[in-house]
Amino acid sequence: MNRHGDRRGLARALGSWFAQEARELPWRSEAPGGVGAWAVLVSEFMLQQTQVERVLPRFLEWMRRWPLPSRLAAEEPGEAVRAWGRLGYPRRALWLHGAATEIANEHGDVVPRDVETLLGLTGVGPYTARAVAAFAYGERHPVVDTNTRRVIARLVRGRAAAGPPRAGDLDDMAALLPDDPVEARVFNAAAMELGAVVCTARAPRCEECPVSEWCEWRGAGYPDNAPAKRPTQARFEGSDRQARGRIMALLRSAAAPVPRSEALRAAQGPAGSRAKAVDPAQPRRVYDSLLADGLLVEFEGRARLP
DNA sequence: AAGGCGGGGAA
DNA sequence: TTCCCAGCCTT
């Protein structure tokens with residue numbers, strides 16, 4: 001913390017800003033009617049690498065259809081994948097179905113409360129486990145996502161950006177967290193919200209920032225001192241990811257299993273738009289990868305969702 | 001520690 | 001085009 005005050009002042013300023021300005025999102029417990037841990041878990045799975053605006057309609061649809069883990073567990077996994085739509089990373093749908101099954105069968109249809117048990121669910125990592133414990137149950141844990149990492153990097157470390165995840169990220173957040181669990185919960189949510197709407201990656205709106213007087217990056221004159229960025233992601237066009245997505249789109253829309261040949265053809269995209277330098281091995285490769293991931297099941301030469 | 005994994009929106 | 005997004009899993 002810097003010259004402008006202790007961490008309690010920071011938490012107070014951030015907390016009042018959050019109370020005033022936070023977006024109303026249906027998975028926040030404060031929302032009318034309140035939501036339970038199951039809703040928090042579903043939202044956190046969907047929000048992994050996917051923006052809030054895209055998640056909103058899917059989340060509402062899921063909660064209407066599967067208000068309890070056991071309701072989802074009663075479905076075929078493929079139904080979860082189908083209802084996942086185009087959110088991306090469809091393995092998350094599979095993992096969420098698996099988590100629902102385990103919760104229904106082994107935890108009395110109640111989402112676990114402690115971080116260790118949550119971490120045991122496939123698809124639940126350090127962020128999601130603490131987010132559920134903190135937001136759904138009010139447990140006092142540091143919750144660190146990409147927004148929070150950037151806020152800490154600027155506010156505390158005086159850097160323009162966060163850089164790749166570090167082992168100390170959780171400790172950094174823990175050092176800022178108010179002692180009172182209720183305040184800590186707000187602080188976690190507020191740090192994420194600040195990073196999402198004010199302290200943004202691209203063009204931060206520092207003039208609107210409620211905690212600018214605590215900001216080391218501002219104090220240093222906004223130096224362009226961003227640490228090395230993570231390696232740039234390979235282009236999507238023509239990638240295996242795109243080819244996988246095309247097969248998945250076909251399987252989601254299909255009312256019945258489709259011939260394998262049709263799925264392989266779908267991997268190449270619409271006939272008119274095929275790239276010139278196609279990898280002839282790509283369709284088979286991505287088809288097999290979907291098989292290995294359990295996103296595709298083959299039976300008598302036909303492919304379908306699991 | 002590094003690479004793979006969707007897809008869309010914004011600069 | 002490139003960057004970024006309420007990450008996680010495998011190797």
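Per chain, numbering begins at 1; letters A, B, ... match sequence-line order.
Contact check on A:Arg58 versus A:Glu61 returns a salt bridge, with a Lys/Arg side-chain nitrogen under 4.0 Å from an Asp/Glu carboxylate oxygen. Using a 4.0 Å cut-off between a side-chain N of Lys or Arg and a carboxylate O of Asp or Glu, A:Asp288 and A:Arg284 qualify as a salt bridge.
Both A:Arg202 and A:Gly195 lie close to DNA chain C; mapped to their nearest nucleotides by heavy-atom distance, the more 5′-ward contact belongs to A:Arg202. Comparing A:Ala203 and A:Tyr89 by the nucleotide of DNA chain B that holds the closest heavy atom to each, the one mapping nearer the 5' end is A:Tyr89. Comparing A:Ala129 and A:Arg54 against DNA chain C, the residue whose closest nucleotide sits nearer the 5' end is A:Arg54.
Between A:Arg92 atom CZ and C:dA6 atom C1' the separation is 11 Å, expressed in whole Å. Atom CZ of A:Arg28 and atom P of C:dA6 are 12 Å apart (whole Å). A:Arg166 places its CZ atom 13 Å from the P atom of B:dA1, with the value rounded to the nearest Å. What separates CG of A:Leu47 from P of C:dC4 is a distance of 19 Å, to the nearest Å. If you measure from atom CG of A:Leu87 to atom P of C:dA6, you get 13 Å, rounded to the nearest angstrom. The CG atom of A:Leu56 sits 12 Å away from the P atom of C:dA6 (whole-angstrom rounding). The distance from atom CG of A:Asn147 to atom C1' of C:dA6 is 6 Å, rounded to the nearest whole Å. Atom P of nucleotide B:dG7 and atom CZ of A:Arg91 are separated by 12 Å, given to the nearest angstrom.
Contact annotation: A:Arg244 reaches the phosphate of B:dG6 (side-chain N/O to OP1 or OP2, under 4.0 Å). Contact annotation: A:Arg150 does not reach the phosphate of C:dC4 (side-chain N/O to OP1 or OP2, under 4.0 Å).
The environment of CZ in A:Arg252 is crowded: more than 12 heavy-atom neighbours from other residues, nucleotides or ligands sit within 6.0 Å. Summarising the local packing, CZ of A:Arg205 is surrounded by 12 or fewer heavy atoms from other residues, nucleotides or ligands at distances under 6.0 Å. For A:Glu76, the CD atom sits in a loose shell: 12 or fewer heavy atoms of surrounding residues, nucleotides or ligands are nearer than 6.0 Å.
Between the side chain of A:Gln51 and the base of B:dG7, a donor-acceptor pair under 3.5 Å is found.
Contact check of residues 76-85 of chain A against DNA chain C (heavy atom, cut-off under 4.0 Å) returns no residues at all.
Nucleic acid contact for A:Ala131: none, since no nucleic acid atom lies under 4.0 Å from a heavy atom of the residue. A:Thr50 comes within 4.0 angstrom of a base, heavy atoms only. Counting non-hydrogen atoms under 4.0 angstrom, A:Pro165 reaches nothing in the nucleic acid. A:Arg235 comes within 4.0 angstrom of the backbone, heavy atoms only, and of no base. Nucleic acid contact class of A:Val124 (heavy atoms, under 4.0 Å, all strands): sugar-phosphate only. Across all strands shown, A:Arg130 has no heavy atoms under 4.0 Å from either base or sugar-phosphate atoms. Counting non-hydrogen atoms under 4.0 angstrom, A:Thr128 reaches the backbone sugars and phosphates but no base.
Distance check: A:Thr128 OG1 to A:Gln48 CD gives 4.0 Å after rounding to the nearest 0.5 Å. In this structure, the separation between NE2 on A:His97 and CH2 on A:Trp84 is 13.0 Å, given to the nearest 0.5 Å.
For the C1' atoms, the distance from C:dC5 to B:dA1 is 22 Å, rounded to whole Å. C:dC3 and B:dG6 have their C1' atoms separated by 15 Å, with the value rounded to a whole Å. For the C1' atoms, the distance linking C:dC9 with B:dG8 amounts to 23 Å, nearest Å. Distance noted for atom P between B:dA11 and C:dA6: 14 Å (whole Å).
Side-chain atoms of A:Arg304 never come within 3.5 Å of backbone atoms of A:Gly78 as a donor-acceptor pair (strictly under, hydrogens ignored).
Of all nucleotides listed (B:dG8, C:dC5, C:dA6), C:dC5 comes nearest to the side chain of A:Gln233.
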side-chain contact (heavy atoms from CB on, under 4.5 Å) between A:Val143 and A:Tyr127, intermediate numbers included: CA-CA 6 Å; A:Val143 180; A:Tyr127 164 75; 3.5 Å; yes

